[in-house]
Colleague: 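This structure is in structure tokens; I'll ask about it shortly.
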Number of protein chains: 2
Amino acid sequence: MRMSEGVEWAIHSCINLSWLEPGEAVTAARMAAFYELPPAYLNKQLQALARAGILTSTPGPRGGFRLARSPGDISLLDVVTAIEGREEAFRCEEIVARGPGEHEGIDYRRSCFVSQAMRRAEMAWRRELAGQTLADLRSTVERRLPSAPGDARTRFANLRT
Amino acid sequence: MRMSEGVEWAIHSCINLSWLEPGEAVTAARMAAFYELPPAYLNKQLQALARAGILTSTPGPRGGFRLARSPGDISLLDVVTAIEGREEAFRCEEIVARGPGEHEGIDYRRSCFVSQAMRRAEMAWRRELAGQTLADLRSTVERRLPSAPGDARTRFANLRT
DNA sequence: GATTAAATACTCGGATATCACATGTCCGAGTCTCCCTGG
DNA sequence: CCAGGGAGACTCGGACATGTGATATCCGAGTATTTAATC
């Protein structure tokens with residue numbers, strides 16, 4: 001079980017976007033140069049965030065991506081779901097339905113106890129992610145490293161490409 | 001992010017094994033026939049459980065797999081870890097180290113706040129899984145379907161191959 | 001100088017390759033069982 | 001009848017294919033800007 005590395009890219013990108021002036025946008029190419037990532041692939045991840053309503057994208061010159069809403073209204077779960085999709089990690093194949101007993105019209109994805117236990121665990125995971133917003137993360141970073149927002153801004157200014 | 005379907009196979013197999021007489025073993029082929037699964041591949045999963053110390057395996061005629069210890073001493077987390085491995089789903093690639101600021105000798109897998117948040121969520125997930133033993137699951141099944149142990153035994157008896 | 005319209009450069013967006021890992025299969029090493037032979 | 005030995009069959013265990021999804025790339029549609037020509 002492995003989470004896409006795009007999740008890490010997306011979270012860091014969103015935090016960086018939250019340090020921009022309102023209305024300011026950053027292209028996928030510049031964000032990729034910031035972290036030395038493959039530009040086209042990062043672009044794909046940012047597109048996923050845009051489809052999920054976390055970012056807004058504008059084409060053409062002076063275009064790029066920006067946050068679609070306040071960082072306090074974006075949870076980590078939102079970002080993870082945007083990249084990884086809505087499906088759960090554990091997917092009940094209902095193999096128990098091929099065992100003994102009566103199985104008429106039973107949905108084991110809901111009723112199987114194994115499935116339920118796994119779902120409980122994933123719920124705990126989701127709850128933990130939903131309880132943290134990008135604003136929380138951002139303020140934690142700023143408390144530890146107050147120069148971070150300025151550092152990011154100057155780095156964007158000095159990037160070539 | 002997708003969990004191996006082998007996890008579902010492993011948990012159901014272990015519960016079935018817990019219904020056997022002490023000292024009784026079941027071969028991978030019979031367990032596969034029980035659930036109509038590919039025998040060689042199920043064998044591979046059961047091997048992983050054996051390596052993890054959850055099952056013991058004996059070769060030769062009358063051989064097979066059996067539980068290595070009491071179902072009350074086997075948590076769901078044990079089984080999941082045996083199949084999926086020890087690594088976490090989120091793996092920090094430390095892309096933040098390629099951003100601005102000083103990074104000498106910093107291990108961002110530990111100190112990056114994104115990494116910490118993701119780890120917290122996975123801890124919650126693990127805690128939930130560690131809190132449930134195979135004995136818990138088994139008793140829940142038996143309470144809902146008291147004939148389950150007997151059904152499983154007779155099915156093993158009537159399996160061909 | 002202002003207006004308009006075309007050319008241009010730039011951006012996202014999705015279609016297209018490439019690669020790693022999960023899934024699935026096969027055969028050999030080891031072991032227990034059973035039978036056969038000899039006493 | 002009993003003991004011993006060997007052949008045989010059965011099981012796990014790991015090495016070997018295959019398929020699917022993540023990773024990475026490329027090019028086209030659309031838009032804001034710039035430029036140039038015209039009034």
Side-chain angles (χ1 to χ4, degrees), chain A residues 1-10 13 17 23-33 35-66 68 80 82-85 87 89-91 93 95 159-161, chain B residues 1-10 13 17 23-33 35-66 68 80 82-85 87 89-91 93 95 159-161:
Chain A
M1 190 173 54
R2 179 173 199 156
M3 180 174 296
S4 163
E5 58 181 337
V7 171
E8 183 181 1
W9 303 2
S13 295
L17 289 177
E24 196 175 354
V26 170
T27 70
R30 293 176 67 78
M31 188 65 82
Y35 287 123
E36 301 172 19
L37 299 174
Y41 192 32
L42 176 61
N43 183 33
K44 189 170 188 156
Q45 312 290 353
L46 297 181
Q47 281 177 39
L49 294 177
R51 269 195 300 274
I54 295 173
L55 302 183
T56 60
S57 62
T58 55
R62 306 282 300 163
F65 295 93
R66 71 198 75 184
V80 170
I83 301 294
E84 288 286 329
E87 280 198 288
F90 179 85
R91 306 180 193 175
E93 296 288 341
I95 69 167
L159 278 179
R160 62 189 50 271
T161 294
Chain B
M1 189 173 53
R2 179 172 199 160
M3 179 174 297
S4 164
E5 59 180 336
V7 170
E8 183 181 2
W9 302 3
S13 295
L17 289 177
E24 199 174 353
V26 169
T27 70
R30 292 175 67 79
M31 187 65 81
Y35 287 123
E36 300 172 22
L37 299 174
Y41 192 31
L42 175 62
N43 183 33
K44 191 171 188 157
Q45 313 289 355
L46 298 182
Q47 281 177 39
L49 295 178
R51 268 195 300 275
I54 295 173
L55 303 182
T56 59
S57 64
T58 55
R62 304 284 300 165
F65 294 93
R66 73 200 71 186
V80 170
I83 301 295
E84 288 285 329
E87 282 197 288
F90 179 85
R91 307 178 193 177
E93 297 287 341
I95 68 168
L159 279 179
R160 60 188 52 271
T161 296

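Numbered from 1 within each chain, the chains take letters A, B, ... in sequence-line order.
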Colleague: I need the A/S4 OG to A/E84 CD distance, nearest 0.5 Å.
Modeller: 5.0 Å
Colleague: Working to the nearest 0.5 angstrom, can you tell me the gap between B/L49 CG and B/K44 NZ?
Modeller: 13.5 Å
Colleague: For A/L46 and A/R2, take the nucleotide of DNA chain C holding the closest heavy atom to each; which residue's nucleotide lies nearer the 5' end?
Modeller: A/L46
Colleague: Name the closest nucleotide to the A/E5 side chain, picking from D/dA24, C/dA22, D/dG14.
Modeller: D/dA24
Colleague: Test side chain to side chain contact (heavy atoms under 4.5 Å, CB included) on A/E24 and A/L17; report intermediate values, then the result.
Modeller: CA-CA 9 Å; A/E24 196 175 354; A/L17 289 177; over 6 Å; no
Colleague: Tell me: OH of A/Y41 to C1' of D/dA22, nearest whole Å?
Modeller: 5 Å
Colleague: Whole angstroms only, please: what is the CG-C1' distance between B/L55 and D/dT11?
Modeller: 15 Å
Colleague: Please compare B/Q47 and A/W9 by the position of their nearest nucleotide in DNA chain D and report the one closer to 5'.
Modeller: B/Q47
Colleague: Please state whether the base of D/dG13 and the side chain of B/K44 form at least one donor-acceptor pair under 3.5 Å?
Modeller: no
Colleague: Say whether, by atom type as modelled, one donor and one acceptor occur between the side chain of A/E5 and the main chain of B/E93 under 3.5 angstrom.
Modeller: no
Colleague: Measure from the side-chain heavy atoms of A/A28 and tell me the nearest of C/dG14, C/dC12, D/dA24.
Modeller: C/dC12
Colleague: What's the closest nucleotide to the B/R62 side chain, out of C/dG13, C/dT33, D/dT11?
Modeller: C/dT33
Colleague: It should be established whether A/S4 places a side-chain nitrogen or oxygen under 4.0 Å from OP1 or OP2 of nucleotide D/dT23.
Modeller: yes
Colleague: Where the side chain of B/A40 is defined as all heavy atoms beyond and including C-beta, which of D/dA22, C/dT25, C/dG14 is the nearest nucleotide?
Modeller: C/dT25
Colleague: I'd like to check A/S13 versus A/L46 (side-chain heavy atoms, cut-off strictly below 4.5 Å). Are they in contact?
Modeller: yes
Colleague: Measure from CD on B/E87 to P on C/dA22 and round the result to the nearest Å.
Modeller: 10 Å
Colleague: Which nucleotide, D/dC12, D/dA24, C/dG13, lies nearest any side-chain atom of A/S57?
Modeller: C/dG13
Colleague: Specify the separation, in whole Å, of atom CD of A/Q45 and atom P of D/dT25.
Modeller: 13 Å
Colleague: Using whole Å, report how far CG of B/L49 lies from C1' of D/dC12.
Modeller: 14 Å
Colleague: How long is the line joining CZ of B/R51 and P of D/dG13, in whole Å?
Modeller: 8 Å
Colleague: Among C/dG24, D/dC12, C/dG13, which nucleotide sits nearest the side chain of B/P38?
Modeller: C/dG24
Colleague: Which whole-number value in Å describes the distance from B/N43 CG to C/dC27 C1'?
Modeller: 13 Å
Colleague: Assuming nearest nucleotide by heavy-atom distance, tell me which of B/G6 and B/P59 is located more 5' along DNA chain C.
Modeller: B/G6
Colleague: Whole Å only: how far is the CE atom of A/M1 from the C1' atom of D/dA22?
Modeller: 16 Å
Colleague: Is the shortest side-chain heavy-atom distance between A/M1 and B/M1 below 4.5 Å?
Modeller: yes
Colleague: Let's see if you can work this out: which of D/dC26, C/dA22, C/dA9 has an atom nearest to the side-chain heavy atoms of A/P61?
Modeller: C/dA9
Colleague: Among D/dG13, C/dC12, D/dT11, which nucleotide has an atom closest to any side-chain atom of B/F65?
Modeller: D/dG13
